[in-house]
Each structure stands twice: as structure tokens, then as C-alpha cells.
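Here the structure is laid out as C-alpha cells; the discussion comes afterwards.
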Amino acid sequence: MLDQKLIREDPTFVEKKLSRRGKTFELSNLHQLTLKIKETDIELSNLQSESKKLSKLIGEIYQQNNDSAPDDFNKMKDQANNLKAKISNLEIKKRDLNKEILNELLKLPNFPSDKSPSGNDESQNVEIKKWGNPTIVNNQKSHWEIGENLNLFDSKRSSKISKSRFITLIGDGARLERALINFMLDTHFKKGYLELIPPALVNSDSLQGSGQLPKFSNESFKCSDDDLWLSPTAEVPLTAFHKDEIIDINKLPLKYVAYSPCFRREAGSYGKDTKGLIRLHQFNKVELYWFSDPKDSSEAHKKLTSDAEDILKKLELPYRVIDICSGDLGFSSSRTFDLEVWLPSSKMYREISSCSNCLDFQARRSSIRTKIDKKSLFLHTLNGSGLAIGRTMAAILENGQQKDGSVKIPDALIPYFGSSLIKSN
RNA sequence: GGAGAGGUGGCCGAGUGGUUGAAGGCGCAGCACUGGAAAUGCUGUAUAGGGGCAACUCUAUCGAGGGUUCGAAUCCCUCUCUCUCCGCCA
């Protein structure tokens with residue numbers, strides 16, 4: 001959420017900042033509302049102050065048991081009642097204005113960072129780094145072909161259980177998934193991350209706090225009988241973990257690593273990536289999350305990204321880093337580095353992690369603060385996958401495939417998986 | 001799901017209608033004392049939004065919302081969360 005005060009004081013500046021997203025944001029209505037609520041608020045406090053004084057006066061007279069002037073007494077009561085009516089009206093007005101403002105405010109995305117490259121869509125994202133040697137081999141099989149051949153997962157039966165875009169992992173496939181989760185958690189744990197396993201169901205407040213609501217309600221699954229949703233990413237419960245808290249500046253940064261299943265409706269992606277492990281309604285993910293001192297968040301962003309990269313390096317998967325341009329940034333993010341892993345079968349890089357610095361955007365929505373010199377301010381939040389498990393498995397299957405149809409397991413993963421090769425049996 | 005108990009400041013805990021934003025304690029910070037520390041003493045210590053260059057000041061907030069009243073942490077209603085017992089269950 002953007003700062004209401006900033007919109008009130010300099011709407012043009014805010015519009016200009018937002019316009020880098022490649023759209024025009026018309027804030028004059030919101031601006032008027034913020035002026036109006038301030039005016040209302042001042043009037044309201046004045047009346048409240050008056051009413052409070054009067055009540056105290058009445059109280060004093062009452063306690064002295066001074067019955068000598070009942071007329072004055074009643075006159076004062078009338079006056080107080082009069083004030084009360086005015087106050088009540090203003091309170092309603094203020095509440096309505098507040099609702100309207102919040103409504104608009106919650107729909108505004110974060111400012112793109114000045115450091116984010118300018119651009120309107122993903123074609124203008126900038127590659128800033130490449131690691132490893134992307135291989136192109138003849139007769140390259142897709143990971144879903146490999147998976148089918150080796151009986152690692154079954155998507156047909158899964159659609160019987162649920163619907164399309166669900167997967168059942170089988171045998172070595174299931175074991176590989178588990179090995180990857182443990183490998184990633186251990187690796188991050190050793191770097192000082194605190195491990196969390198958060199709830200998979202989250203309430204509307206939590207989704208609003210991290211930016212999924214109110215704008216993107218059609219992207220998550222909702223439980224019909226409760227105010228609960230299936231979490232689309234651990235970013236949601238991790239943000240909400242410290243909701244309404246003031247965190248000691250000396251304890252920052254807080255670094256969390258969380259394993260969680262993620263659920264996404266993938267509305268609007270019909271026909272895209274219908275096969276394999278790339279785009280599922282349910283997938284596993286290990287998420288990195290930092291609560292940072294505002295002045296350190298840029299550094300933290302680099303660190304978090306490199307911690308996610310480290311998983312790809314250890315797994316010997318070729319990847320590149322993309323600096324997302326201003327027009328392609330996610331709603332809550334001010335700057336994002338995507339990690340894209342090489343998938344030989346499609347001869348392209350696919351997103352496997354998205355590392356974002358949200359600045360104080362989520363912290364303001366979730367009211368998470370810290371204190372510097374007795375002044376409280378919103379801290380900064382950062383998140384990134386470290387990594388998406390299903391896509392990592394896809395990358396391992398494709399990059400590790402051998403001529404005989406077996407798959408080589410990266411050395412770092414062998415202790416977790418238990419063998420160096422997946423072959424048909 | 002049934003029955004009961006309860007949600008007060010960073011924490012514990014008092015407070016059943018009138019200067020209560022809230023006693024007391026703990027914790028924390030500063031100062032004094034000390035060679036240094038402990039102990040002790042004094043002072044300070046919520047959040048948000050207004051006004052003021054500032055000292056300061058106004059308003060709101062005792063789980064949330066509504067009601068009664070000139071006045072509510074305190075009374076009434078609704079919701080919510082936590083705890084205990086029973087039932088059920090991994």
C-alpha cells in the first residue's frame with residue numbers, strides 16, 4: 001500500500017512514479033478524498049474535544065451533588081446531546097470516506113524502483129547474468145516424457161482424483177521431490193535462515209496484507225464456508241506472521257525459509273504448459289523471506305537472490321538472472337530479479353524463482369514496523385523462491401537425462417536422494 | 001459439535017459508570033550512587049492521526065462492531081479469538 005499522506009500532499013509525484021508501470025493512474029478522486037477526510041477529521045476532533053470538556057463539567061457538578069441549578073444542568077445535557085448528534089454524523093462520514101480511500105488505495109500497485117529498467121512488458125526485461133552451459137542435445141526429451149518413461153508421476157490419474165493441472169508423484173519421483181525440499185531447507189538453514197512451516201490456509205486479511213487481495217481474488221482457491229483461502233505462496237503467511245508487530249531494529253534482518261504447498265487457480269492460462277510439472281494448481285515451494293531495516297533492503301535483495309541462485313549452482317543447473325522491467329513487475333514489488341533455469345527440451349529458460357524487494361508496501365498493508373530513534377516506521381519485506389520444487393525437478397530431469405533414458409542426479413543431491421541415477425526398473 | 005471461563009500497555013496484573021491512556025509490579029532506557037558492577041534511589045518508558053519551528057498540544061484506541069448514557073475499560077447486544085472440560089478425530 002502506498003502512503004496516504006504522500007497522495008494527499010503530492011498526487012502528481014505519485015502518478016508519475018506509478019506511470020513507469022506502463023499505465024496511467026488517475027489519482028484526482030483519491031486525492032480529493034484524502035483532503036476531505038483530513039478536513040472531516042479536524043472538525044471531528046474539535047467537536048469531540050468540546051464534548052469531552054462538557055461531560056467532565058457535568059460530572060463535576062454531579063459529584064458535588066449540586067441540585068441548586070437543575071435548569072442549567074439540563075441545559076448542559078441538551079447541549080451535550082446536540083454535540084453528540086453532530087459527532088455521530090461526522091463519524092459516519094469519516095468512516096465512509098475511510099472505506100472509500102482504502103478501497104482505492106489497496107488497488108494501487110507499488111512504485112517501481114528507479115533502478116528497475118524501463119519497459120512496458122516482459123520483452124523489455126534485462127538479462128543481467130548467465131551461469132553454466134545450456135546444453136542442446138539431439139533427441140532431447142521433455143521432462144514429462146522422461147517422467148512417464150521412468151514412471152515418476154502420473155497426471156492422467158491425477159485429473160481423475162482432482163482435475164487437470166494436478167500431479168501425483170510416484171516412487172523415485174516422490175522421493176526426488178522430498179529430497180529436493182530437504183536439500184533446499186538444509187542449505188538455507190546452514191546460511192542462518194530460520195525454518196518455518198506455515199499454515200496452508202490463510203484468511204483474507206493475510207492475502208490483503210501481502211497484496212493478493214482485493215485485486216487478484218480469482219487467482220486463489222477459496223474455501224466456501226470459511227474466510228479461508230488456499231495459500232498461493234508462503235509469502236502470504238510469512239508476511240502475516242509478523243502482522244501488527246513492531247520489531248526491534250537490532251533483531252533485523254529476520255530471515256525465514258519456509259516449505260509450503262502452493263495453490264493457484266492459474267486462471268487465464270488455459271492451454272499454457274498443460275503438460276508436466278511447470279504449471280500446476282498445486283506445487284511445493286521453498287520460500288526465502290526477509291524482514292529488513294529499510295536502509296539495508298537493497299543489499300538484502302542481492303543477498304536473498306544469491307542465496308536462491310546458490311541452489312541452482314549446487315544442483316549444476318544452468319540459469320540466468322533477469323532484471324524485471326518497470327512494466328512487468330508484480331503488484332507488490334518495486335524491484336524483481338527472476339531466476340530462470342535452462343530447460344533443454346524447449347530450448348529456453350523458464351522462471352524458477354522470483355526475488356522481489358517490496359520495500360514498505362506489504363509492511364504498510366500488514367502494519368509491520370520497526371523503531372529508529374524512537375520513531376516507528378514500516379520495515380521492508382523481501383521474498384523469493386529458493387526454489388520452486390516442481391520446476392526444479394523438471395530441470396533436473398531434462399538437464400540430467402542420459403542417452404539410455406536414465407537421469408543423472410546432481411552430486412549435491414545424492415546424499416538426500418540416496419542414489420546417483422534414476423533409471424527404469 | 002456441547003458446556004463453561006476469559007481477552008486491559010513489551011510482559012504480569014488492578015480496575016463494575018465521572019479529569020482512567022488507565023494503579024501496582026516486572027522488564028527496558030537515562031541519571032545518581034560505585035574503582036567497576038550488583039543492590040538501591042530518582043526520572044522516563046504505547047500506537048495512530050491532526051496542529052505547532054519547537055517546548056508542547058488536540059483526538060482516537062482497554063479483542064472487533066453496535067447500543068444505553070451528558071459521560072463506558074466498567075452496563076446491554078452481536079461477532080471474533082484464546083483457554084478448560086465433554087464428544088469426535090490424525
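Here is the naming used below: chain letters follow the sequence lines, and residue numbers restart at 1 for every chain.
In the set B:C70, B:G66, B:U47, B:U47 carries the atom at the smallest distance from any side-chain atom of A:K371. Distances from the side chain of A:S376 to the nucleotides B:C70, B:A48, B:A60 place B:A48 closest. With B:U59, B:C70, B:A46 as the candidates, the nucleotide lying closest to the side chain of A:I58 is B:C70. In the set B:G50, B:U59, B:C70, the nucleotide with an atom closest to the side chain of A:N81 is B:C70. Distance from the side chain of A:S45 is smallest for B:C58 among the nucleotides B:C58, B:G50, B:U47. Closest to the side chain of A:D41, out of B:G49, B:U59, B:U47, is B:G49. Closest contact between the side chain of A:S49 and the listed nucleotides B:U59, B:G49, B:C70 involves B:U59.
Pairing partner, B:U84: B:A3, with both Watson-Crick or wobble hydrogen-bond distances short of 3.5 Å. When Watson-Crick and G-U wobble pairs are counted only if both distances are under 3.5 Å, B:C62 pairs with no nucleotide at all. Here B:U34 sits opposite no nucleotide as a Watson-Crick or G-U wobble pair (both hydrogen-bonding atom distances under 3.5 Å). The partner of B:U68, taking Watson-Crick or G-U wobble pairs whose two distances both stay under 3.5 Å, does not exist in any strand shown. The nucleotide B:G21 finds no pairing partner, because no Watson-Crick or G-U wobble arrangement with both distances shorter than 3.5 Å includes it. Using Watson-Crick or G-U wobble geometry with both donor-acceptor distances under 3.5 Å, B:U43 finds its partner in B:A29.
Atom NZ in A:K52 sits about 13 Å away from atom C1' in B:A72, given to the nearest Å. One interatomic measurement links the two molecules: CZ of A:F378 to P of B:U47, which rounds to 13 Å at whole-angstrom precision. Whole-Å rounding puts the A:I37 CD1 to B:U59 P distance at 19 Å. A:N203 has its CG atom 12 Å from the C1' atom of B:C81, to the nearest Å. The separation between A:L47 atom CG and B:C58 atom P is 16 Å, rounded to whole Å. If you measure from atom CD of A:E91 to atom P of B:G67, you get 9 Å, rounded to the nearest angstrom. For A:D205 and B:U80, the CG to C1' distance is 12 Å, given to the nearest whole Å. Regarding A:K5, its NZ atom lies at a distance of 7 Å from the P atom of B:G49, rounded to whole Å.
Atom CZ of A:F216 has more than 12 neighbouring heavy atoms from other residues, nucleotides or ligands inside a 6.0 Å radius. Heavy atoms of other residues, nucleotides or ligands lying less than 6.0 angstrom from NZ of A:K222 number more than 12. Shown here is A:E122, whose CD atom has no more than 12 heavy atoms of other residues, nucleotides or ligands within 6.0 Å.
Taking the ring centroids of A:H380 and A:F361, they lie at or beyond the 6.0 Å cut-off.
For the OP1/OP2 pair of B:A46 and a distance below 4.0 Å, the side-chain nitrogens and oxygens of A:R369 include no atom meeting the criterion. OP1 or OP2 of B:G65 has not a single side-chain nitrogen or oxygen of A:R95 nearer than 4.0 Å.
Neither side chain, A:N182 nor A:Y259, offers a donor N or O lying under 3.5 Å from an acceptor on the other.
Backbone-only engagement by A:I42 is indicated by non-hydrogen atom pairs under 4.0 Å involving sugar-phosphate atoms exclusively. A:I246 comes within 4.0 angstrom of the backbone, heavy atoms only, and of no base.
Side-chain contact between A:D323 and A:R335 is present, with heavy atoms from C-beta onward closer than 4.5 Å.
Summary of the strand contacts: A:L54 and A:Q48 both lie near RNA chain B, and taking for each the nucleotide with the nearest heavy atom, the more 5' one is attributed to A:Q48.
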